[in-house]
Amino acid sequence: MACSLPLRISLIITVISAALTLIILLVSFFLIGELNLNQLNHLPLNRLAILAVAFLVLLPPVFILSRILAGRLLRPLQTLTEKTRSYSTDGSPVSFLLDSDDEFAELGKALQEMQENLSDSHAQLEMMAFRDPLTGLSNRRGLHQELSKLILWARQQENRIALLYIDLDHFKQINDSSSHAYGDQILREIAQRLLQVVKQQTRHSQLPFPEELLLSRPGGDQFIIMLPDIGQVEQAGQLSHHIIEAIQQPFQVSDRYFKLSCSIGITLYPDDANSAERMLKHADIAMYEAKRSGRNRSRYFLPAMHRQVEERVMIQQGISTAIAENQLYIEYQPIVHMKKKRVVGAEALLRWHHPKRGRLGPETFIPVIEESDQIGALTVWIIETVAAELRLLPSQKEATKLSINISSAILNKPELAQQVNDALLRVDAPDHRICLEITETSLMEDIDNTLPLLLRWKDAGYSIWIDDFGTGYSSLSYLARLPIDGVKIDRSFIRDFDNSKPVIEAIIALADTMNLLTVSEGVEQAEQQQSLLRLGCDFAQGYLYSEPLSISLLTDKLEQQLLRESRQTLKFRPRSKTKLPF
């Protein structure tokens, strides 16, 4: 084991002192005995013995004195060492200042400054670990910590807790259209508004903790509010109403104004869950249900939502496998020229034959996939499949066209739009035989960003149609700017034909004025067909003409149509007169 510093210093001082003592003794003998240096090697033994004894007698006192001296000199250093060993960032502060004015005092001041800097750094690290740097609220880690404490407190007090999971609707558009600096400023303002709502809601409650701990920002555009000590479930609904009202108030950043909404999921302790993890999971599920229901609203967690989540997970995880294993296929619903009674095109409709659950309708899985980025890969697959199957159709005088639906989820995400755009430019689309159908609502959401994309598709040889026309809020000025070829009248108008007749008539008249074609969707009765013909609509699709067909059945139908038309041409060809032999 290594010697301590005082002991090492004492030994050094002793050795030096012993050497000096020996020299002094020799000098003394030299002076007293009038010796010269040449006689040192011939000293009598008695004198050598006296010299040795004197040296040994003087050595212990010199060592003791050097030890005492070293201890006193190094006592401040020992004090600083002990204080340094007792210092802990989690314990009480330690004073390293010394009552002296020497180098050790300077060392103590340096250690004191280091302690203060370490304490500040530790506080900053702790804040970074448990606090959101943008808003100062608890982050995800801090949320788990505070929620676990609150659940323990509620269990002891036999109280109920409501957890509200708040997600801003379409907040990403602010960052995309403006900048992240604008978005950060709005998030800070939202944090202050929510904090005021929480304080107002809990003003009559005697809470053993500050209201600030009830609000957190786990990340992104999400906030969470914990409402303790609620007597009635309706209190959580009232709080969510106040939150929605607060978020809907305009936000001003510099000289610009922004409007937002939010979706809220609500879960209760101990009614729905008894742990922080399960409460957060249930609130998240309820929040997504609020978004699926139309956004800008709140939803309470229900056990049935678990099955819906499992359904969504199954679909999102299974779509890649479905593409790879050919579980997906396309059916085509014919589009008919009503006057000529002939098929002129067909709309591509996606189908999924699941190995365990059988055939899944598009209404089951398309909305779920649209919530994820997988809608891009799925649309690319549809484009490539339709382009390949288009080549299987028989050649006709009037080429049959196939139409593909483009999801609004693609138009709202630049990276997905680019992915689909690359696929459209990659496949062969001769003579505008592939039509792209885009809903009126999705077109109007961000017309300025959508218009350049439509122009590129138009230049690449695609026809552009507005689907579900009449259900959105497009204006004539916007319609005039769009490179569209036609509109499809939404089936809801056809289903309620008597009441919707003025709207249908106005759509057809508008399309004629703008030199656009019109297709009526959902035609199922002959009376609907006759009424549409009288109004001037030429094209229609629906079960009156055909159910969706596989590509092989569609090919057969078109070949039969060609054969029928060829027979009619032969039937009405004028016959030449037979000359008599005489």
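For the residue pair F469 and F493, the shortest heavy atom distance occurs at O-CE1, 3.6 Å. Nearest heavy-atom pair across I508 and L535 is CG2-O, 3.5 Å. Closest approach of F223 and L187 over heavy atoms only: CZ-O, 3.8 Å. The two residues T400 and G345 come nearest to each other via the heavy atoms CG2-CA, 3.6 Å. Here the closest non-hydrogen pair linking R217 and L137 is N-CB, 4.1 Å. Shown here for Q528 and G522, the closest heavy-atom pair between the two residues is OE1-O, 3.9 Å.
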Residue pair S463, K401: steps toward the side chain to side chain contact (heavy atoms under 4.5 Å, CB included) verdict = CA-CA 9 Å; S463 297; K401 298 182 178 181; 4.1 Å; yes
Tell me, with the steps shown, if I438 and D467 meet side chain to side chain contact (heavy atoms under 4.5 Å, CB included).
-> CA-CA 5 Å; I438 305 171; D467 195 14; over 6 Å; no
Would you check, one step at a time, whether the test side chain to side chain contact (heavy atoms under 4.5 Å, CB included) holds for L378 with L328?
-> CA-CA 10 Å; L378 180 60; L328 299 178; 3.5 Å; yes
Are I174 and L260 close enough, and set up right, to give a side chain to side chain contact (heavy atoms under 4.5 Å, CB included), and what steps lead you there?
-> CA-CA 10 Å; I174 294 178; L260 282 173; 3.7 Å; yes
Taking it one step at a time, do K488 and Q541 satisfy side-chain hydrogen bond (donor to acceptor under 3.5 Å, both in side chains)?
-> CA-CA 10 Å; K488 301 185 75 172; Q541 68 181 106; 2.6 Å; yes
Step by step, work out the side-chain hydrogen bond (donor to acceptor under 3.5 Å, both in side chains) result for Q252 and Y257.
-> CA-CA 4 Å; Q252 181 180 3; Y257 288 87; 3.3 Å; yes
What do the steps show when you test E347 against S403 for side-chain hydrogen bond (donor to acceptor under 3.5 Å, both in side chains), and what is the final call?
-> CA-CA 5 Å; E347 179 182 357; S403 61; 5.1 Å; no
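In N515, the CG atom is not crowded: 12 or fewer heavy atoms of neighbouring residues, nucleotides or ligands sit closer than 6.0 Å. Within a 6.0 Å sphere centred on CZ of F539, heavy atoms belonging to other residues, nucleotides or ligands number more than 12.
Just one of Q419, R426, Q418 meets the side chain to side chain donor-acceptor pair (under 3.5 Å) condition when paired with D422; it is Q418.
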Report all side-chain donor-acceptor pairs from residues 239-248 shorter than 3.5 Å, counting only partners two or more places apart or in another chain.
residue : atom : partner : partner atom : Å
S240    : OG   : G237    : O            : 2.6
S240    : OG   : S298    : OG           : 3.3
H241    : NE2  : E245    : OE2          : 3.0
Q248    : NE2  : N296    : OD1          : 3.2

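Salt bridge present: E189 and R193 bring a charged side-chain N and a carboxylate O closer than 4.0 Å. Taking the charged nitrogens against the carboxylate oxygens, D485 and K458 do have a contact shorter than 4.0 Å, which makes a salt bridge. Comment: E331 engages R359 in a salt bridge, judged by a side-chain N to carboxylate O separation of less than 4.0 angstrom. Salt bridge present: K291 and D167 bring a charged side-chain N and a carboxylate O closer than 4.0 Å.
Atoms CG and CZ, from L532 and R534 in turn, are 9.0 Å apart once rounded to the nearest 0.5 Å. Rounded to the nearest 0.5 Å, atoms CD1 (I466) and OG1 (T518) are 12.5 Å apart.
Classification of the H282-F301 ring pair by plane angle, with boundaries at 30° and 60°, yields parallel.
Neither side chain, S492 nor R495, offers a donor N or O lying under 3.5 Å from an acceptor on the other.
W352 has its ring centre less than 6.0 Å from the ring centre of F365.
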